[in-house]
Amino acid sequence: LLFSLVLHKLVRSFLADSECSELLFNMWYLDDGTLAGPKDAVKHAIHLIQQFGPSLGLYINTAKCELFSRRALEGFPADIRVFHEPNFEILGAPIGDAIFCAKFLAQKRAKAVKLLSQLSEVGSVDPQIALLLLRHCATFCKLVHLARSTPPALVSEGLALFDAEVRRHFCDTVAIDPSDSEWLQVQLSLSRGGLGLRRLALHCSAAYLASVNKAGCSAPLDEFTLQAVTVFNSLVPHASSVSEESLLESCLSQKVLSSRIDDHQFDQLCLISTPANRARLLSVASCHASSWLAVIPSRGLNLSLDPDEFQAALKWWLGMDTSSQIRCPYCPDHQLDPLGHHALTCKGGGDVVLRHNSLRDVFAQFCHRARLGGQLEVGHGYGAESSLSRPADILVPNWMIGKPAAFDLTVVSPLNSTTLNEAGARSGSAAGKAEVRKHNSNDAKCTELGWVCIPLAVETYGCWGAEAQGSIS
């Protein structure tokens with residue numbers, strides 16, 4: 001900050017000098033400055049930097065400066081590099097014609113693909129870590145600066161080539177091969193149930209328009225920006241489109257614009273999906289359902305999965321066939337379904353009980369860490385002798401106005417035949433119905449004992465009920 005304040009004093013001297021009044025462009029990013037205008041104005045600005053900079057502790061390194069002009073120039077420092085072609089780079093962004101921008105992008109893309117290849121090797125050892133690195137370090141983020149600084153018309157084809165490389169290396173990294181519809185889900189953000197591998201060619205118009213908006217553009221908009229507006233509006237419904245007025249007057253971040261594209265892509269994916277897949281998509285897109293994909297793997301904290309487990313979890317999350325057309329070993333009359341519904345709800349073998357108890361124990365640990373105390377499996381033997389129910393998987397004393405809270409956990413599947421229609425229309429409906437069932441069965445006994453009944457209902461895809469979210473948060 002102090003460095004910027006000192007530099008700002010020097011830059012402002014240009015504005016006060018009459019010989020620099022013809023400068024058309026005077027922009028700085030810390031110590032990287034760009035000046036444009038008539039040669040005499042630019043020359044005088046450089047002279048001012050050399051004259052007044054040392055008194056402020058600032059010295060211009062002319063050997064690292066570049067000068068662009070179609071004509072011969074005289075009077076500039078001899079060690080400044082001079083270019084007469086209209087193609088150059090500023091702060092990692094290409095400035096020039098379409099051919100130059102395409103070549104510039106090709107060089108950046110080649111470097112990014114090398115990193116993708118290295119992550120494929122990591123994936124053979126630990127695909128969970130590899131996917132995390134792929135999302136945060138090797139895909140969208142590698143070329144988003146180019147997408148923000150270069151008109152989509154000049155880079156969209158090159159970005160599409162990189163998107164194809166991302167898909168190929170993703171398949172190598174996690175050893176699964178999603179179909180085109182499944183790949184649409186992969187490209188969605190985590191908050192929309194995807195894997196966060198956004199397609200650059202799809203989002204480059206949002207990136208560019210957000211950059212134009214932040215730069216404080218003024219009317220009339222240039223041809224490239226108008227083209228970007230047209231491209232963006234073709235990707236979203238009319239209610240989410242942008243106009244010239246909104247681009248000039250509103251604050252439109254890239255997050256906001258890309259979210260509009262993601263929302264429309266999600267809606268389109270739901271439209272072409274079966275009822276079961278639509279229920280699955282709404283569940284995986286619920287609040288916090290995808291947290292398991294964002295966590296940093298740690299075996300010490302029990303937050304990592306073995307490669308086979310992680311691969312199976314990804315296929316199940318994306319709606320890929322997980323059954324291999326075999327019958328349930330505990331229910332010979334049931335063939336395992338492609339979406340894994342029966343495998344997650346079958347009561348044979350004890351897996352359902354183990355899952356319930358594991359969730360209960362984790363919640364109890366958090367209660368103890370928060371110094372809330374908590375007793376497990378409380379209720380039987382309390383109140384009316386004829387009642388054998390246990391309304392509290394975890395009983396937390398002094399939860400609300402001195403009353404204990406009886407937390408009762410339940411895991412439900414949105415693909416259950418009794419909830420499928422509602423789950424395919426509204427996110428969290430299966431968990432909501434489970435909360436109602438718990439209240440119907442536990443409220444009377446909890447009232448008798450002076451407890452507060454709080455159901456902790458969660459769907460198999462990670463969508464928590466409203467009461468659970470309110471209590472946990």
Side-chain angles (χ1 to χ4, degrees), residues 275 278-280 282-289 291 341 344-347 350-368 370 372-473:
R278 190 156 52 248
R280 175 186 62 83
L282 288 172
S283 189
V284 299
S286 62
C287 185
H288 304 304
S291 295
H341 166 65
L344 289 171
T345 56
C346 177
K347 296 183 179 179
D351 287 343
V352 170
V353 175
L354 288 173
R355 179 180 62 198
H356 172 275
N357 291 346
S358 295
L359 281 171
R360 177 202 62 194
D361 293 344
V362 168
F363 187 79
Q365 288 176 11
F366 282 120
C367 289
H368 285 293
L372 294 174
Q375 300 172 263
L376 301 184
E377 301 292 348
V378 179
H380 176 50
Y382 287 76
E385 294 183 2
S386 59
S387 176
L388 301 178
S389 66
R390 291 190 179 93
D393 284 324
I394 306 103
L395 181 67
V396 176
N398 299 320
W399 176 260
M400 183 184 296
I401 319 178
K403 287 187 176 182
F407 291 99
D408 195 4
L409 273 158
T410 182
V411 181
V412 294
S413 172
L415 307 187
N416 193 298
S417 59
T418 59
T419 59
L420 182 59
N421 289 336
E422 291 183 43
R426 182 172 58 86
S427 175
S429 61
K433 293 184 73 172
E435 289 179 336
V436 173
R437 288 196 298 271
K438 285 295 182 182
H439 277 298
N440 290 339
S441 61
N442 294 337
D443 276 357
K445 187 165 186 177
C446 285
T447 301
E448 177 189 353
L449 297 172
W451 298 349
V452 178
C453 175
I454 303 179
L456 297 180
V458 59
E459 296 178 5
T460 49
Y461 288 103
C463 175
W464 288 88
E467 292 191 61
Q469 291 189 43
S471 300
I472 295 173
S473 62

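FYI, side chains are in, hydrogens and waters are out, and symmetry mates aren't considered; it's all heavy atoms of this structure.
Residues N421 and P275 have side chains not in contact (no heavy-atom distance under 4.5 Å, counting atoms from C-beta outward). Within the 4.5 Å cutoff, no side-chain heavy atoms of W451 are placed close to those of W399. At a threshold of 4.5 Å between non-hydrogen side-chain atoms, the residues I472 and F363 count as touching. Contact check for H368 versus L372: no side-chain heavy atoms found under the 4.5 Å cut-off. Side chains of S427 and C463 form a contact here, defined as non-hydrogen atoms less than 4.5 Å apart. Residues N416 and H341 meet the side-chain proximity criterion, which asks for heavy atoms closer than 4.5 Å.
What you find for A423 and L282 is that their closest heavy atoms are O-CD1, 3.3 Å. Taking all atoms of both residues into account, the shortest heavy-atom contact from S413 to T345 is CB-CG2, 3.7 Å. Residues I394 and A364 share a closest heavy-atom pair of CG1-CB, 4.4 Å. When all heavy atoms of L420 and A279 are compared, the pair lying nearest together is CD1-CB, 3.8 Å. Shortest non-hydrogen contact noted between C367 and G373 is CB-O, 3.4 Å. Heavy-atom minimum distance, A406 versus C446: CB-SG, 3.9 Å.
Formation of a donor-acceptor pair under 3.5 Å by the S471 side chain with backbone atoms of A468 is not found in this model. Formation of a donor-acceptor pair under 3.5 Å by the S286 side chain with backbone atoms of S283 is found in this model.
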Stepwise, does the side chain to side chain contact (heavy atoms under 4.5 Å, CB included) test hold for R355 with L344? CA-CA 10 Å; R355 179 180 62 198; L344 289 171; 4.0 Å; yes
Show the numbers, then the answer: is there a side chain to side chain contact (heavy atoms under 4.5 Å, CB included) between R437 and V412? CA-CA 12 Å; R437 288 196 298 271; V412 294; 3.6 Å; yes
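A search for side-chain hydrogen bond (donor to acceptor under 3.5 Å, both in side chains) contacts involving E467 returns H439, not counting sequence neighbours. Partners of Y461 by ring-ring contact (aromatic ring centres under 6.0 Å, His included), not counting sequence neighbours, listed by chain and number: W316. Annotation: side chain to side chain contact (heavy atoms under 4.5 Å, CB included) contacts of V458 (sequence neighbours excluded): L359, V411, W464.
Within the model, atoms CD of E435 and CD1 of I454 stand 10.5 Å from one another, a figure rounded to the nearest 0.5 Å.
One finds a salt bridge joining K438 and D408 here, because a Lys/Arg side-chain nitrogen approaches an Asp/Glu carboxylate oxygen to under 4.0 Å.
Counting only N and O atoms by type, the side chains of H356 and D393 include a donor and acceptor under 3.5 Å apart.
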